[in-house]
Every structure is written in structure tokens, then in C-alpha cells.
Amino acid sequence: MAEKQISLPSKLINGGVAGIIGVTCVFPIDLAKTRLQNQRAGQQVYKNMLDCLIKTLRSEGYFGMYRGAAVNLTLVTPEKAIKLAANDFFRHHFSKSGKGLTVIKEMLSGCAAGTCQVIITTPMEMLKIQLQDAGRLAAQRIIASVPSAKHATASPVLTRAYNVTPVPVMRKISATQIAAELFRAHGISGLYKGLGATLLRDVPFSVIYFPLFANLNKLGQRSASEKAPFHVSFLAGCVAGCTAAVAVNPCDVIKTRLQSLNRGAHEESYRGIVDCARKLWIKEGPAAFFKGASCRALVIAPLFGIAQVMYFVGVGEYILGIPQYSLKP
């Protein structure tokens, strides 16, 4: 019997459509995650995710919550497409012997997929973080410029609007400008700052996520030849995504800190992964490694739930008019 081949174009379409829909739905929470992770102890602008979203909405407006979304929407298509298609390709490759996929082979497939995706993920995250964190830095400068109540005088003249110190205005900058400046200053390596930390996050994430999803999804299959129902694929994607996201959150915090080019007053810089981890532990304690964990779980769970639904429904196969290929466990 001839072996069916994976249609790479259809898998790329599935990953791209899933990424665009997912990012559009959860991007404001991702912005809150980045800002919370970049806050230092004693310099908190935001108390929690909800406080961050409310303050962002008030100070930057509705579209302020989507700062950096354009670069994410542009690059999430190849990023998610590579991740999902690579995992599918390696699962297919490891199952050619006809013995089925063991958990180890599933983990190796996830590892390979996570390694492949960083080609796109690293520059995407690099540009996105600068745009997302700009509002936090501006808010920090505004707070620093407001005189303390202890030093305020009762003179009505000093309280008039025209005597108040001008509030710093946030300079608008685009992802294209940031990319151009980085390329001029450091070449292509400038866009890949934090590559090691991105690998440290995405490879373990994929090693956890893909086998966990496959086995949870398998629970909803009536037989090996049938696909799991729509809701099972969605819930499996959500649970697997949430679990993997929280598990690798310490690596995500380190990656965010390393990739942030601009820093507020008294915010230290880092020489690398080990230096960042050491300073986080000493200055902010173990809890710092789980900053933004709830936000990240809320972002990744629906993002991968939507992704797997699109992938298993076979949007790409439908568009291209080809039969969908499904791996036997």
C-alpha cells in the first residue's frame, strides 16, 4: 500500500491561519505579560494583569494594547507554520517504521520543531518586546517626573496647570525603524539577540507541548483511524499549551529581560543567560521567574487551542482541495 505524503503547503496554511486568529484574540494579554516581566522590584508601575490592561487602555487607548501586533501578525504565520509543520514532518518520519510513535519519539519531534521555529521567533520577539515595553517605560518616566507629595507646597500658584513640569511624551517608533537600526549597528546578529534564551524556552516548550497534546487528543478518538471531535482538539491544545507555558516561564522571563534594549532608571543590564538568572534570583527572589506566568498561560492556552483546531479541521487541505493526512498513533 502506497504511503500517503504530508502536504507541506496545506500545513503552512493551517499554521498561518491559526496564528493570525490566535494572536488577534490574545495580544493585549501578551502585552501585559511583557510589561509585568520587565518590572523590577520597587519600581512597579502595574500591580497585576488587570491593572496593566486598565492603565494601558487609559493612557494609550484601545490600540495601545496592540502595540507590536503588526510585527507579530506579519511573522506569526511563518513562525506557527514552521513549528506545526516541522512537528508533523518529524512525527511522520519517526513513524515510517510502522511501529507507531513512542513518547520519546514524540518528544524528539517537538524538540526538532522548537529548534526550527527560532529562525522566525527570535527576531519577531526582539521587535515585539521593544514596542510592547515602550508604554511601561513612558509610564515609569511620568511617575518619576511627578514631585512627591511630601515636597509639595500649598501655594495655589504652583498648582496651576501652566506651572506643572511637562510630562515626557512617548516617542513613536515602528518595528521597521528598530530593525533597521539594529541591522546598521550590529548586522543580522542584532536581530538575533537572545537566540540562546529563545532556544532555552521554545525547545522545552515543544518537548512538553506536542506529546502532551497528542496523548490528550488521543483520548477523544473513538478509533485510531478517526479524528478527535472539535472540542477535544481545542481543549487538548489549551491544556497542553497552558501546562508547557507555565513550565518554561522562567526561561521566558530571562528571554524578555535579555531582549529588552531600553531600560528605565536604575534597571540593570545583563551579560547573558546565567548572569540574568543570577541577578533575578539575588535581587528579586525566586518569584521573579514566574512573573507574567498567569498572563502567559492565558495567552498560550487559547492560542494553541485555536491552532490545533485549525490544524486538525484541515483548513489548508480544504483550500487546496486535497485529502487531509492524519498520522496513526
Side-chain angles (χ1 to χ4, degrees), residues 5-6 8 11-12 14-16 18-19 22 75-126 192-218 233 236-256 258-259 272-274 276-277 289 293 296-297 299-301 303-308 310-312 325-329:
Q5 295 298 314
I6 291 176
L8 187 59
K11 300 306 177 187
L12 294 176
N14 288 333
L75 295 178
V76 75
T77 298
E79 191 247 4
K80 283 289 176 286
I82 288 171
K83 186 187 191 85
L84 295 173
N87 179 68
D88 210 29
F89 171 80
F90 286 108
R91 284 173 65 86
H92 177 56
H93 176 75
F94 287 134
S95 64
K96 278 183 177 179
S97 62
K99 296 180 181 178
L101 284 168
T102 62
V103 174
I104 297 298
K105 287 181 178 179
E106 288 180 334
M107 292 173 73
L108 287 172
S109 298
C111 177
T115 304
C116 291
Q117 79 169 83
V118 298
I119 298 169
I120 302 294
T121 305
T122 306
M124 179 183 77
E125 290 279 312
M126 184 72 183
Y192 281 87
K193 183 181 179 183
L195 175 62
T198 306
L199 278 167
L200 192 63
R201 181 196 68 172
D202 288 348
V203 171
F205 177 92
S206 296
V207 167
I208 295 168
Y209 172 78
F210 284 111
L212 183 56
F213 167 78
N215 286 281
L216 289 173
N217 193 61
K218 199 184 296 180
S233 290
C238 288
V239 172
C242 181
T243 303
V246 173
V248 302
N249 196 76
C251 302
D252 190 54
V253 173
I254 292 170
K255 183 197 73 66
T256 300
L258 288 174
Q259 288 189 319
I273 295 171
V274 175
C276 182
F289 290 99
R296 183 161 164 75
V299 168
I300 296 297
L303 185 63
F304 276 85
I306 292 167
Q308 291 296 355
M310 293 294 163
Y311 207 64
F312 277 78
Y325 176 76
S326 60
L327 289 171
K328 289 185 179 181

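We count residues from 1, following the sequence as given.
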Do Tyr192 and Pro123 come close enough that some side-chain heavy atom pair is under 4.5 Å?
yes
side-chain contact (heavy atoms from CB on, under 4.5 Å) between Ile82 and Ile119, intermediate numbers included:
CA-CA 9 Å; Ile82 288 171; Ile119 298 169; 5.6 Å; no
Restricting to non-hydrogen atoms, name the atom on Ile306 and the atom on Gly22 that form the minimum distance, rounded to 0.1 Å.
CD1-CA, 4.1 Å
With rounding to the nearest 0.5 angstrom, report the NE2 to CG distance, His92 to Leu101.
11.0 Å
Distance from Thr256 atom OG1 to Arg296 atom CZ, nearest 0.5 Å?
8.5 Å
Donor-acceptor pairs under 3.5 Å, side chain of residues 244-252 to any protein atom, not counting sequence neighbours: which ones?
residue	atom	partner	partner atom	Å
Asn249	ND2	Phe289	O	3.1
Asn249	ND2	Lys291	O	3.1
Asp252	OD1	Arg201	NH1	2.8
Asp252	OD2	Lys33	NZ	2.9
Asp252	OD2	Gln37	NE2	2.9

How close do Thr198 and Val118 get, counting heavy atoms only, and between which atoms?
CG2-CG1, 3.9 Å
Going through the checks in order, is the side-chain contact (heavy atoms from CB on, under 4.5 Å) test met by Lys255 and Leu200?
CA-CA 9 Å; Lys255 183 197 73 66; Leu200 192 63; over 6 Å; no
Ignoring hydrogens and geometry, is there a side-chain-to-backbone donor-acceptor pair from Glu79 to Gln117 under 3.5 Å?
no
Nearest heavy-atom approach of Ile273 to Ala197 is CD1-N, 3.6 Å
All side chain to side chain contact (heavy atoms under 4.5 Å, CB included) counterparts of Leu108, not counting sequence neighbours
Phe94, Ile104
Show which side-chain atoms of residues 205-214 pair as donor or acceptor with protein atoms under 3.5 Å away, not counting sequence neighbours.
residue	atom	partner	partner atom	Å
Ser206	OG	Lys83	NZ	3.1
Ser206	OG	Asp202	O	3.1
Tyr209	OH	Gln308	NE2	3.0

Chi angles and distances behind the side-chain contact (heavy atoms from CB on, under 4.5 Å) call for Gln259, Thr122:
CA-CA 9 Å; Gln259 288 189 319; Thr122 306; 3.8 Å; yes
For Ala240 and Leu216 the tightest heavy-atom approach is N-CD1, 4.3 Å
Let me confirm one number: the SG-CG distance from Cys242 to Leu303, rounded to the nearest 0.5 Å.
12.5 Å
Looking just at side-chain N and O atoms, do Asn87 and Ser109 make a donor-acceptor pair shorter than 3.5 Å?
no
d(Thr121 OG1, Leu195 CG) to nearest 0.5 Å is 10.0 Å
